[in-house]
Amino acid sequence: MQTKIQSVAFYRGCASVTRTGKPDGATVVIENLPADAVETLDITAAGGSVVSCKTERRASASEKTAALKAAWDAAEQAVERNAMEMEFYRQNLKVDGGMAALDGAFDFFNQRFTRILAEKTALRAAADTAKKQYETAAKQAADRTATATVQLSGKPTALTVRYVTHTAGWNMQREVHTDGKGDLCCRLKAIAYNNGGEDFADVSAMFSTAEADAFAVLPTFSPDYIGRPVHARVMTRAAAPMMLANDVCECEPIEAETDVDVTYTLDAVTVRAGDTATLLLKEETVPATYEYVAPTYGTQKAFFAARAARPLESGVVRVYYNGRALGETAISSDENPLFGLGVADRITVKREQGKQFTEQKLLKGERTEYRYTVTVRNDRAETVAVHVVDRVPVSTDKSITVEVGEHSGAKYDAETGRLDWETTLRPGAKSVFAVSYTVKNNN
C-alpha cells in the first residue's frame, strides 16, 4: 500500500511522523518504515478497524542506488577519456614528428588540447560529486527498515499511520544580525535533520522544545522527608547540560530557561533523506544603541558593542555583524543584552598596579591594601563615549573580608565586585580612574 507523509512533529532527538494512505484490500503491507518505528507504531482505519499488525525489520533497498552507481561510473569513464585525449593531443603537438607539424594542423591540435584541458577540472568535480551522492545513497540503503503487514475488517477508506523515529529531529539556532547602526534583526531558526531513508516532502511541520509524548516518563513517587536526611533511591531523568560559548565577549555563564516549552508550525516543509534543512521560525526587529565597552580583565581591549533596547529570551545566541559570523554568546532575560561586535580600533584600556601595603597585627590577622589605576584613551578622530568595566575581589570565606576604598565614583556592585564608569573622550584624550581595596585575613 502506498502511503504519503502528511505531517512531521520535530522534537529534540526524535520526530513524530504521520502517514496516510488508501487501503487496497483486507491485507495491506506498509513498507520502508524506519526500523525504530515498530516501537511506537500506531495504525487507525477510517470506516473499518485494524484486526492485527505484524512488523518485521529488514535491510532496505534503495531504488536510486544503482542509478547513482551507474552515474558515478560514467563520470569516471569521462575523466579517463579526457585524460587519454589530452595525452593524444599533447604527443601530437610536439614539434619533432607530431601530426601538428603538418601544414595547417598545429592550430587545430592546439585548440583541441586547450578545450580538453579546460574540461578536465569540471569532469573531475562531476565525478567526485557523483561518488559522494552514491556513497550517501548506499549508506541509506544499508540502514535497516521495517515493514508492517496489517489485517483489516470492514470497509476502511483510509489508513493513518503514526510513529516516532530517532532518525530525525531538530536543533534551535538563535541569531542576532546588525550593521552597527540600526535595529537588531533577531531570528529564530530550526535546523531540521533527516537521517532516515524517507523524504519529508512538502509536509506540515511542527517544531517543539517539549519531549515527544511517546517517550514521556511518569514521575516515580518518592516520600518528601523532613528532619534527618534519609537515603532513598529516586528515579529521575537528568536534563542535558547546555553548552555555552563566549567567543564574542567575556561574560558569566547563564543558565537557559527550560521551564516553558514552545512550539512553532510551518507549512510545506521539505527535508530530504540524509539531509538537513535550515528553516526560519520567527523574525523580529529590536531597537538598539551602540557603545564602546572597555573591560580591564581578559584581553584589556575596547570593544564595539550593541545593546538591545529590551530583554530577549535567555539562551545562546549567534551574533552576525555586517553579514559575518562573530561567534556565540549567552544572554539572560533579566537584562537588556549586550553583544560584542569585535575589537574597537584606537581605543585602549590599561590597568596598572600601584603600591601594595601589608600590615601584620597580633591577634588581628593580616591586612593588605592594593592600589591601581585604570586608564582609557581615545586615539580616534571623533569623540566617543566609553563604558569602562573593572572588578575587585569578592570573598567566599567568612574569615576573609574585602573592603573597597577609593573607586573614582564608579558604580559598585558588592555582590559581584563589579565597577562601572561612563566617560566621554575627545580625540587624543584619556581618563584615569584610581581604585584601592583592602583584604583582611582574620585567621
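Quick caveat: nothing in here was measured; it's all calculated off a predicted structure.
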Does the pair I347 and R380 meet the rule for a side-chain contact (heavy atoms from CB on, under 4.5 Å), with working shown? CA-CA 7 Å; I347 298 178; R380 300 175 69 90; 3.6 Å; yes
Under the side-chain contact (heavy atoms from CB on, under 4.5 Å) rule, what do V435 and T373 come out as? Steps first, then yes or no, please. CA-CA 6 Å; V435 179; T373 58; over 6 Å; no
Could you check whether [X] pairs with [Y] (Lys NZ or Arg NE/NH1/NH2 to Asp/Glu carboxylate O, under 4.0 Å)?
X    : Y    : answer
E56  : K54  : no
R174 : E283 : no
R371 : E369 : yes
K440 : E366 : no
R418 : D420 : yes

Start with the C-alpha distance between R124 and D128, add both sets of side-chain angles, then the distance that settles salt bridge (charged side-chain N to carboxylate O under 4.0 Å, His left out), and finish with yes or no. CA-CA 6 Å; R124 181 69 265 169; D128 291 341; 3.1 Å; yes
Apply salt bridge (charged side-chain N to carboxylate O under 4.0 Å, His left out) to residues R318 and E175 and explain how you reach the verdict. CA-CA 5 Å; R318 184 171 296 179; E175 300 175 353; 5.2 Å; no
Distance-only polar pair, side chains of N195 and T167, donor-acceptor under 3.5 Å: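 No, no side-chain donor-acceptor contact under 3.5 Å.
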Under 3.5 Å, is there a donor-acceptor pair linking the side chains of T18 and Y163?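 No pair is found: no donor N or O on one side chain lies under 3.5 Å from an acceptor on the other.
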May I ask you to establish whether R307 and Y290 are in a cation-pi arrangement, using a distance under 6.0 Å from NZ or CZ to the six-membered ring centre and at most 45° from the ring axis?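 No, cation not above the ring by the 6.0 Å, 45° rule.
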Any non-hydrogen side-chain atom of [X] less than 4.5 Å from a side-chain atom of [Y]?
X    : Y    : value
T438 : V402 : no
T424 : V384 : no
V317 : E328 : no
E198 : L33  : no
R351 : D390 : yes
V161 : I30  : yes
E291 : L338 : yes
L152 : L159 : yes

Do the side chain of [X] and the main chain of [Y] share a donor and acceptor less than 3.5 angstrom apart?
X    : Y    : answer
T40  : V164 : yes
T423 : V386 : no
N378 : G428 : no
W421 : H407 : yes
D24  : V28  : no
N336 : A309 : yes

Which atom names give the shortest non-hydrogen contact between V394 and A414, and what distance separates them?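 Scanning both residues completely, I find the closest heavy atoms to be CG2-O, 4.3 Å.
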Checking Y264 now: which residues fulfil ring pair (Phe, Tyr, Trp, His ring centres under 6.0 Å) with it, not counting sequence neighbours?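 Ring pair (Phe, Tyr, Trp, His ring centres under 6.0 Å) list for Y264, sorted by chain: empty.
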Which residues share a ring pair (Phe, Tyr, Trp, His ring centres under 6.0 Å) with Y372, sequence neighbours left out: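 Not a single residue meets the ring pair (Phe, Tyr, Trp, His ring centres under 6.0 Å) criterion with Y372.
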Ring centre gap for F303 and Y292 strictly below 6.0 Å: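 No, too far apart.
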If you draw a 6.0 Å radius around CZ in R346, do more than 12 non-hydrogen atoms from other residues or ligands fall strictly inside?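 It does: R346 CZ has more than 12 such atoms within range.
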Please say whether more than 12 non-hydrogen atoms of neighbouring residues, nucleotides or ligands are located less than 6.0 Å from CD in Q353.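 Yes, because the 6.0 Å sphere around CD of Q353 holds more than 12 heavy atoms from other groups.
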Let's go through R310 and E284 carefully: what are the C-alpha distance in whole Å and the side-chain angles of both, what is the deciding distance for salt bridge (charged side-chain N to carboxylate O under 4.0 Å, His left out) to 0.1 Å, and is it a yes or a no? CA-CA 13 Å; R310 61 172 174 81; E284 61 179 343; 3.0 Å; yes
